[in-house]
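Take a look at the structure set out below.
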Amino acid sequence: MSSSQPSPSSTLLGVSASPAGVPPEVFDVLARPAETNLLVVSYRDGPDEWLQNCRQHVGELPAEVGFVNVGEMTRSASASLSASGGPSRSPTPADALPLAATVEDPADLTAVGVRASEYLETWDCNGNRTVVVLDSVTGLLEAVSLDRAFEFLHLLAGRVESVDGRIYFLLHPEAHDDRSLSIVRELADAAVGLGDPR
């Protein structure tokens, strides 16, 4: 992609099934962390793993960080953030939000969407660019039907676009049939690491 073309607002990224499988494209967009809001909606890794990966690849955490941890109990990410010398900033309305919110039922897409929207609405006017990562579409599809997942992902992408953000949908391509990959691919402006379109 040439630099004269606008960046896609939604990207589908093929990833490996390992916990370290987050592709570098996700961390590349966080190159200016002081000017970035990062929201991770995770069906896979917990907040601590994401914070560790972010520090390892970027060196510091984004100005605002939020997690919607789906399907498991939230670990102590806030302790990890404060112990690591997280971003020093003045208190903002975002401070009223927890670093990590939990939605225990992975099929409760309404709750997942509400939690994500809370972060997006709070950050909307802070002047930072917002990056959202859904980790992963594969985990989502283990919890709900393809039709429900497509509708949810379409709504989430629209919500992110409404705040001029970028969203990355992570997906394990080997876990899906051609039909599912084709349908999910329709959601994204760009696809990386999925092989040739079918």
Between [X] and [Y], is any pair of side-chain heavy atoms under 4.5 Å apart?
| X | Y | value |
| --- | --- | --- |
| Leu171 | His176 | yes |
| Thr11 | Asp189 | no |
| Leu109 | Leu140 | yes |
| Leu38 | Val133 | yes |
| Glu121 | Arg159 | yes |
| Leu187 | His154 | yes |
| Asn37 | Pro62 | no |
| His57 | Asp28 | no |

Taking all atoms of both residues into account, what is the closest heavy-atom pair of [X] and [Y], and its distance?
| X | Y | result |
| --- | --- | --- |
| Val184 | Leu146 | CG2-CD1, 4.1 Å |
| Ala63 | Ala34 | CB-O, 3.5 Å |
| Val41 | Ala116 | CG2-CB, 4.3 Å |
| Val15 | Pro173 | O-CD, 3.7 Å |
| Pro33 | Leu61 | CB-O, 3.5 Å |

Checking Tyr119 now: which residues fulfil ring pair (Phe, Tyr, Trp, His ring centres under 6.0 Å) with it, not counting sequence neighbours?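 Only Trp123 meet the ring pair (Phe, Tyr, Trp, His ring centres under 6.0 Å) criterion with Tyr119.
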Mutual orientation of the aromatic rings belonging to Trp50 and Phe27 [parallel < 30°, tilted 30-60°, perpendicular > 60°]: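 Correct class here is tilted.
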Atom [atom1] of [X] and atom [atom2] of [Y]: how far apart are they, to the nearest 0.5 Å?
| X | Y | atom1 | atom2 | result |
| --- | --- | --- | --- | --- |
| Leu13 | Asp135 | CG | CG | 10.5 Å |
| Leu153 | Leu12 | CG | CG | 9.5 Å |
| Ser9 | Asp164 | OG | CG | 9.5 Å |
| Leu51 | Glu49 | CG | CD | 9.0 Å |
| Phe150 | Leu155 | CZ | CG | 10.0 Å |
| Leu30 | Glu35 | CG | CD | 12.0 Å |

Could you give me the CA-CA distance, side-chain angles and deciding distance for Tyr168 and Val131, then say whether side chain to side chain contact (heavy atoms under 4.5 Å, CB included) is met? CA-CA 8 Å; Tyr168 291 90; Val131 175; 4.0 Å; yes
Just by modelled atom types, is the Arg32 backbone N or O under 3.5 Å from a matching donor or acceptor in the Thr36 side chain?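 Judged by distance alone, yes, a pair lies under 3.5 Å.
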Stepwise side-chain hydrogen bond (donor to acceptor under 3.5 Å, both in side chains) check, Ser180 with Asp177: CA-CA 6 Å; Ser180 297; Asp177 60 31; 2.9 Å; yes
Salt bridge (charged side-chain N to carboxylate O under 4.0 Å, His left out) for Arg115 and Glu118? Distances and angles first, verdict last. CA-CA 5 Å; Arg115 294 290 175 248; Glu118 289 172 347; 3.2 Å; yes
Any chance you could lay out the side-chain hydrogen bond (donor to acceptor under 3.5 Å, both in side chains) test for Ser136 and Arg44, step after step, and finish with the verdict? CA-CA 7 Å; Ser136 73; Arg44 189 170 77 142; 5.3 Å; no
Just one of Thr138, Val112, Val137 clears the side chain to side chain contact (heavy atoms under 4.5 Å, CB included) bar with Tyr43, so which one?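 The residue from Thr138, Val112, Val137 that satisfies side chain to side chain contact (heavy atoms under 4.5 Å, CB included) with Tyr43 turns out to be Val112.
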More than 12 non-hydrogen atoms from neighbouring residues, nucleotides or ligands closer than 6.0 Å to CD on Glu60, yes or no?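 Yes, the 6.0 Å shell around CD holds more than 12 heavy atoms from other groups.
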Residues Val132, Thr130; criterion side chain to side chain contact (heavy atoms under 4.5 Å, CB included); working and verdict: CA-CA 7 Å; Val132 177; Thr130 296; 4.1 Å; yes
Linking I/L/V/M/F/W/Y whenever their side-chain heavy atoms sit closer than 4.5 Å, directly or via other members, would Val114 and Val160 fall into one cluster?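 No.
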